[in-house]
Amino acid sequence: MRVPCRPLSGGRAEGPALVTETPLSFFGGVDPETGEVVDGASDLHGRRLGGRVLCFPKPKGSTAGWVILYRLVRNGIGPVAIVNHESDPVVASGAIVAEIPLVDTPEGPLDAIETGDRVTVDADAGFVEFGG
Amino acid sequence: MDLTEQESAMHGGEEGPAVAKAMELLVTLGELYGATELVDITCAHGGLAGIEVNGVEGVELLETFAETAEARVPATYNPLTFDHRYAEALGADPEGMALQRRIEAAYDRLGYREGGTCTPYEAGNLPAYGEHIAWAESSALTYANSVIGARTNRESPISAIAAAVTGKTPYYGLQLAENRVPEVAFELTAAARDRLTTTDRYSALGYYVGTRAENRVPIVGGLPDLDPPALKLLGAAMATYGSVSLFHAAGLTPEAREHGHTVDAVEAPPTTIDEEGLEAAHRDLGPSAGRSVDTVVLGCPQYAADQLETVASQLAGASVAPGVDLFVCASGAVRERAERSGAVEAIEAAGGMVTETCTCPMAFDRIGTESMATDSTKAVFYAGGTSDAEPAFGSLEACIEAATTGAWPD
């Protein structure tokens with residue numbers, strides 16, 4: 001299934017999804033040394049972002065979050081792509097300098113995507129692809 | 001977005017890869033916010049400076065920018081983590097100092113003004129009323145919008161750098177007059193106004209307004225005539241506890257005076273702030289019961305020269321108690337001014353440290369802090385995140401007494 005999205009940071013990547021329905025903050029919410037989610041309020045607590053297509057509704061938290069995302073990707077332990085319902089300048093800035101694809105504003109439902117599913121994010125063409 | 005020929009050229013890589021990346025960032029941010037064009041800025045402030053948050057990766061990114069780009073407008077960066085004068089007291093390790101030197105060198109190559117600060121308006125980066133600027137650092141940008149009447153959005157460290165190296169910012173939000181009008185109103189009672197005699201009370205007021213205003217534009221009526229240090233603290237607290245980027249003080253701040261904004265500009269009736277409300281806000285901010293103190297932090301936002309003189313005169317020849325660290329933060333430019341008046345010497349003779357750093361990324365665990373005291377709500381907020389010690393919050397006088405006795409006064 002292919003769902004058109006708005007591209008915010010270009011590129012194309014695929015990987016196993018890591019999905020949450022709660023907002024995520026990179027600054028204070030993710031350990032920059034390990035890529036592990038440390039936010040106790042997140043249902044991803046304890047999970048690692050490395051190699052994942054990270055799907056979360058919207059970001060929260062400090063503007064310093066951009067550099068946490070950047071550091072993770074630079075060290076090979078960050079997400080390979082990000083899908084938001086409604087992104088923000090903090091995540092967009094981080095994704096752009098880290099050069100990973102980021103899309104938001106999906107034109108169809110993405111709730112069929114479950115953690116572990118293979119997902120492709122093509123921010124150049126502007127879509128997310130998953131399922132059979 | 002409609003780009004001019006010059007902007008398209010920058011975006012297309014004609015001015016190097018760093019400028020192209022910066023333009024990509026600005027254009028994307030503009031689109032996120034519904035801007036259809038960019039606007040020229042007169043100055044920029046902010047950019048990564050702390051070593052803990054940014055790491056070696058952030059430093060390398062900054063260095064990459066510095067290879068092919070430079071600031072096209074006057075630009076200043078955020079305060080640093082360490083001051084070499086007090087390296088040991090600040091818990092500076094050689095690796096951290098070396099990383100910090102790389103940051104300073106990169107900003108130098110980028111053509112930024114020397115020395116990091118959160119009070120650029122007191123360090124030679126002073127815009128004028130109505131100018132379009134791009135400032136990050138929540139207390140500085142709130143001051144620029146509210147006390148100066150310049151126009152900036154709530155930039156992030158990297159979008160501020162992108163603005164500096166292109167001289168542009170997307171035209172949205174607080175760049176437009178129509179988005180700068182009061183949205184939520186507060187009115188002080190006469191009794192509450194009369195209580196605003198010490199800086200911690202301004203801080204508490206800022207906390208009160210900020211938590212309720214959130215990210216809207218508040219107008220506060222009934223304030224006494226305020227000097228810049230008070231307005232600095234007021235705005236910083238609002239920016240920290242809400243995410244206020246612009247506030248109006250009826251009859252006092254330049255935009256409020258120019259447009260005649262009063263609390264009646266807002267349709268909903270104002271929230272009344274009385275003495276009880278102020279006291280409750282103050283209590284919320286920190287325990288004031290007698291307790292031992294080992295670290296006193298002043299200058300968040302960084303102090304101006306006359307504030308350093310106040311600290312010197314408050315110390316009045318007394319000494320900082322053994323086992324206590326007194327940090328008074330101020331920019332390099334302000335320190336130079338205060339050196340001429342003898343204030344720095346007086347503070348150092350007492351055993352205090354006038355440091356060009358930021359309290360917020362202070363590694364309290366490295367410093368060995370167990371019990372902190374401060375006159376700044378912003379420091380209270382950030383210390384809470386980095387140390388286990390719940391800070392004592394109160395007036396400058398109380399903080400000085402804590403520094404010289406090692407105990408928070410009753």
Side-chain angles (χ1 to χ4, degrees), chain A residues 5-11 23 25-35 38-41 58-78 82 84-105 123-124 126, chain B residues 17-18 20-33 35 46-62 64-65 78 135-138 141 153-163 169-170 172-173 215 239-240 243 245 358 360-361 381-382 384-386:
Chain A
C5 297
R6 175 174 72 159
L8 291 172
S9 174
S25 169
F26 282 97
F27 181 68
V30 180
D31 184 344
E33 309 276 311
T34 61
V38 296
D39 180 3
K58 55 182 175 174
K60 64 173 184 177
S62 161
T63 57
W66 75 272
V67 78
I68 303 301
L69 173 58
Y70 175 74
R71 290 172 67 185
L72 291 171
V73 174
R74 273 281 275 152
N75 289 321
I77 56 172
I82 297 178
N84 289 147
H85 268 102
E86 192 190 318
S87 198
D88 82 344
V90 175
V91 170
S93 302
I96 288 168
V97 288
E99 296 181 354
I100 62 165
L102 165 70
V103 298
D104 80 347
T105 326
D124 297 331
Chain B
K21 181 62 63 175
M23 282 296 288
E24 187 191 339
L25 197 56
L26 295 174
V27 166
T28 302
L29 294 178
E31 280 169 359
L32 252 179
Y33 282 118
L48 64 100
I51 59 169
E52 313 258 349
V53 170
N54 295 291
V56 66
E57 302 87 357
V59 176
E60 283 168 3
L61 179 67
L62 188 67
T64 307
F65 265 82
N78 277 352
W135 282 26
E137 208 297 303
S138 60
L141 73 96
N153 286 308
R154 191 170 234 239
E155 301 294 333
S156 70
I158 191 67
S159 72
I161 293 173
T169 197
Y172 74 93
N215 64 348
T240 302
S243 52
S245 304
C358 171
C360 303
F381 182 84
Y382 283 99
T386 60

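Naming convention: chains lettered A, B, ... in sequence-line order (proteins, then strands); numbering from 1 in each chain.
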Inset, instruction - Please flag which part of Asp88(A) lies under 4.5 Å from any non-hydrogen atom of chain B: side chain, backbone, both or neither. - result: backbone
Inset, instruction - Check Ser159(B), Pro157(B), Ser243(B) against Thr63(A) for a side-chain contact (heavy atoms from CB on, under 4.5 Å) and give me the one that passes. - result: Pro157(B)
Legend entry - Gap between atom CG of Asn54(B) and atom CH2 of Trp66(A) - 0.5 Å precision: 6.0 Å
Legend entry - Residues which pass salt bridge (Lys or Arg N to Asp or Glu O under 4.0 Å) with Glu31(B), listed by chain and number, not counting sequence neighbours: none
Legend entry - Set of salt bridge (Lys or Arg N to Asp or Glu O under 4.0 Å) partners for Glu99(A), sequence neighbours left out: Lys21(B)
Inset, instruction - Determine whether more than 12 heavy atoms belonging to other residues, nucleotides or ligands lie under 6.0 Å from atom OH of Tyr172(B). - result: yes
Inset, instruction - For the residue pair Leu29(B) and Ser93(A), establish whether any side-chain heavy-atom pair is separated by less than 4.5 Å. - result: yes
Inset, instruction - Name the region of Pro89(A), side chain, backbone, both or neither, that has any atom closer than 4.5 Å to a heavy atom of chain B. - result: both
Legend entry - Heavy-atom check, side chain of Arg6(A) versus side chain of Leu32(B), under 4.5 Å: yes
Inset, instruction - Quick one: do Thr28(B) and Ser9(A) satisfy side chain to side chain contact (heavy atoms under 4.5 Å, CB included)? Show the steps, please. - result: CA-CA 8 Å; Thr28(B) 302; Ser9(A) 174; over 6 Å; no
Inset, instruction - Using atom types as modelled and distance alone, determine if a side-chain donor or acceptor of Arg71(A) lies under 3.5 Å from a backbone N or O of Val53(B). - result: yes
